[in-house]
Amino acid sequence: MSLSRFRLITFDVTDTLLQFRTSPGKQFGEVGEMLGLLGSGSDKKQLSAKYKANWHRMNQAHPNFGLKTNIGWENWWRQLIIGSFRETGAQEPEEKLMRIADHVVDMFKTSTSWQHCYGSVEFLNYLKLKQQIGTKGPRIKNEGAPFKIGIISNFDLRLETLLRNMKLFQYFDFVISSYEAGCTKPDPEIFIKAMEASKFQDLQPDECLHIGNTPRHDYLGARGVGWRSALINERDAKDLKAKYGQDIDEKHVFPSLYELHKKITSGECNL
């Protein structure tokens with residue numbers, strides 16, 4: 001498959017371009033242990049479990065990092081982190097736990113916590129080179145770059161900083177976080193905002209490709225607005241179809257960006 005049919009290609013971030021070095025809950029537990037708030041390995045495991053439970057609880061009570069309930073993304077994280085410590089029996093003063101929470105928030109926007117997903121940098125280099133070289137043909141109706149590359153991610157205001165710290169920001173023509181957009185994937189509005197950000201006046205949905213790791217938010221969300229999409233997920237495609245329905249095409253599921261890149265360059269990919 002040639003990418004020349006697409007005028008907009010967007011990516012998710014977490015577990016598509018970047019992944020945590022270890023799970024967020026485990027990293028959180030390690031911070032607690034390092035700062036002397038935990039005594040044993042079992043306490044660290046308990047804190048990790050509390051972190052995961054509170055993550056889901058906060059998402060339910062305060063969607064989109066607290067934007068809708070006006071607590072703000074920083075307080076959203078503070079409540080999550082401090083609440084997790086309290087639930088494991090931490091008796092430290094609130095001021096100390098606040099400092100720890102802010103430390104964790106800062107840590108989660110650096111390479112201390114993140115690493116590149118397999119094949120992500122190579123694939124972005126490939127796309128950027130194609131963009132710079134340009135292509136000729138009747139489908140290219142705009143002047144300049146034949147296609148744009150963007151980010152659509154359910155993320156807070158640290159997203160641009162994270163991308164810069166991980167040396168990825170330069171690959172993208174625009175970056176859209178759910179917090180800034182005021183809506184989260186799979187809401188059609190966030191994909192529409194990406195089309196607007198491309199600045200192509202006559203861009204059509206079927207000229208857009210979104211690449212992400214979650215079946216519902218990325219793959220089905222994009223297809224729900226008429227886009228093409230690719231799913232980066234290590235789970236077996238048949239298992240994904242069984243859970244999410246027949247709308248997931250097995251030919252569109254790849255274990256990594258490396259595999260997607262390889263299929264595209266060999267002409268074996270059909271999105």
Side-chain angles (χ1 to χ4, degrees), residues 1-19 59 63-64 117 119-120 123-124 126-127 130-131 139 145-155 159 163 168 171-235 237 239-261 263-264 269-271:
M1 181 203 76
S2 170
L3 290 178
S4 61
R5 65 183 295 181
F6 299 117
R7 300 173 65 200
L8 175 60
I9 300 174
T10 62
F11 290 85
D12 177 41
V13 174
T14 304
D15 291 331
T16 302
L17 294 172
L18 297 172
Q19 62 189 13
N59 272 322
N64 201 3
C117 290
S120 62
F123 188 44
L124 289 173
Y126 168 78
L127 291 179
K130 286 185 67 67
Q131 187 186 55
R139 292 182 62 81
F147 64 92
K148 299 289 181 68
I149 309 170
I151 290 283
I152 308 175
S153 181
N154 289 349
F155 218 102
L159 180 56
L163 292 170
L168 294 183
Y171 291 105
F172 302 103
D173 298 296
F174 63 85
V175 173
I176 295 177
S177 72
S178 62
Y179 197 89
E180 291 175 297
C183 51
T184 59
K185 296 177 297 184
D187 189 328
E189 183 63 24
I190 200 166
F191 294 98
I192 293 171
K193 286 179 180 292
M195 293 179 71
E196 293 171 349
S198 75
K199 302 189 184 305
F200 290 147
Q201 297 299 318
D202 54 354
L203 182 65
Q204 300 302 309
D206 65 357
E207 294 176 311
C208 305
L209 170 67
H210 181 65
I211 302 169
N213 75 301
T214 62
R216 184 172 291 113
H217 292 163
D218 293 303
Y219 182 84
L220 296 176
R223 293 200 170 247
V225 292
W227 287 34
R228 303 287 178 152
S229 57
L231 182 59
I232 308 301
N233 198 297
E234 293 182 347
R235 292 177 59 183
D239 292 340
L240 292 169
K241 285 177 69 72
K243 182 174 182 179
Y244 294 97
Q246 298 302 310
D247 289 336
I248 293 183
D249 190 324
E250 296 178 28
K251 297 190 298 294
H252 301 160
V253 181
F254 307 88
S256 67
L257 285 176
Y258 172 82
E259 291 296 330
L260 173 59
H261 184 186
K263 291 287 187 182
I264 288 173
C269 182
N270 183 15
L271 297 172

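Worth knowing before you read on, the calculation uses all heavy atoms, side chains too, and leaves out hydrogens, waters and symmetry mates. All residue numbers in this chain count up from 1 along the given sequence.
By the 6.0 Å contact criterion, CZ on F174 is enclosed, its count of non-hydrogen atoms from other residues, nucleotides or ligands being greater than 12. Heavy-atom contacts from other residues, nucleotides or ligands closer than 6.0 Å to CZ of R235 number more than 12.
Rounded to the nearest 0.5 Å, atoms CD1 (I151) and CD1 (I211) are 10.0 Å apart. Between the CD1 atom of I264 and the CZ atom of F123 there is a distance of 4.0 Å, given to the nearest 0.5 Å. Atom-to-atom distance recorded for D218:CG and F11:CZ is 11.5 Å, nearest 0.5 angstrom. Taking CD1 of I152 as the start and OG of S177 as the end, the distance is 11.5 Å to the nearest 0.5 Å. From L124, atom CG reaches atom CD of Q131 across 11.0 Å, with rounding to the nearest 0.5 Å. I232 CD1 to L257 CG: the interatomic distance, rounded to the nearest 0.5 Å, is 4.5 Å.
Between D12 and K185 there is a salt bridge, since a side-chain N of the basic residue sits under 4.0 Å from a carboxylate O of the acidic one. A salt bridge is defined here as a Lys NZ or Arg NE, NH1 or NH2 lying under 4.0 Å from an Asp or Glu carboxylate O, and D202 with R7 meets this definition.
Classification of the H210-F191 ring pair by plane angle, with boundaries at 30° and 60°, yields perpendicular.
Side chain of E207 to backbone of L8: no donor-acceptor contact under 3.5 angstrom is found. A donor-acceptor pair is defined here as one N or O able to donate and one able to accept, closer than 3.5 Å; such a pair exists between the side chain of H252 and the backbone of N270. A donor-acceptor pair under 3.5 Å is formed between the side chain of D173 and the backbone N or O of I149. Of the possible donor and acceptor atoms, none in the side chain of T10 sits under 3.5 Å from a partner among the backbone N and O of G150.
Nearest heavy atom pair, residue V175 against residue L163, reads CG2-CD1, 3.8 Å. The two atoms that bring P188 and V225 nearest to each other are CB-CG1, 3.3 Å, heavy atoms only. Scanning all heavy atoms of the two residues, the minimum distance from I176 to A181 falls at CG2-CB, 3.9 Å. Across every non-hydrogen atom of P255 and E234, the tightest pair is O-CG, 3.7 Å.
L220 places none of its side-chain heavy atoms less than 4.5 Å from the side chain of P186. Two residues are said to be in side-chain contact when any heavy atoms from C-beta on lie closer than 4.5 Å; S4 and K130 fail this criterion. Using a 4.5 Å cut-off on side-chain heavy atoms (C-beta onward), L209 and F147 make no contact. Proximity of T16 to S120: side-chain heavy atoms (C-beta onward) are nowhere separated by under 4.5 Å.
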Checklist entry - Checking side chain to side chain contact (heavy atoms under 4.5 Å, CB included) for the pair N154/H217: CA distance, chi angles, key distance, verdict? => result CA-CA 9 Å; N154 289 349; H217 292 163; 3.9 Å; yes
Checklist entry - Does the pair S178 and N64 meet the rule for a side chain to side chain donor-acceptor pair (under 3.5 Å), with working shown? => result CA-CA 7 Å; S178 62; N64 201 3; 2.8 Å; yes
Checklist entry - Can you check side chain to side chain contact (heavy atoms under 4.5 Å, CB included) on I248 and Y219, steps first, answer last? => result CA-CA 8 Å; I248 293 183; Y219 182 84; 3.9 Å; yes
Next on the checklist: Run C269 and L260 through side chain to side chain contact (heavy atoms under 4.5 Å, CB included) and show every step you take.
Outcome noted: CA-CA 8 Å; C269 182; L260 173 59; 3.9 Å; yes
Item to check | Full working for side chain to side chain contact (heavy atoms under 4.5 Å, CB included) between Y171 and L127 | outcome: CA-CA 9 Å; Y171 291 105; L127 291 179; over 6 Å; no
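Judged by the 6.0 Å distance and 45° axis criteria, K148 is positioned over the aromatic ring of F200.
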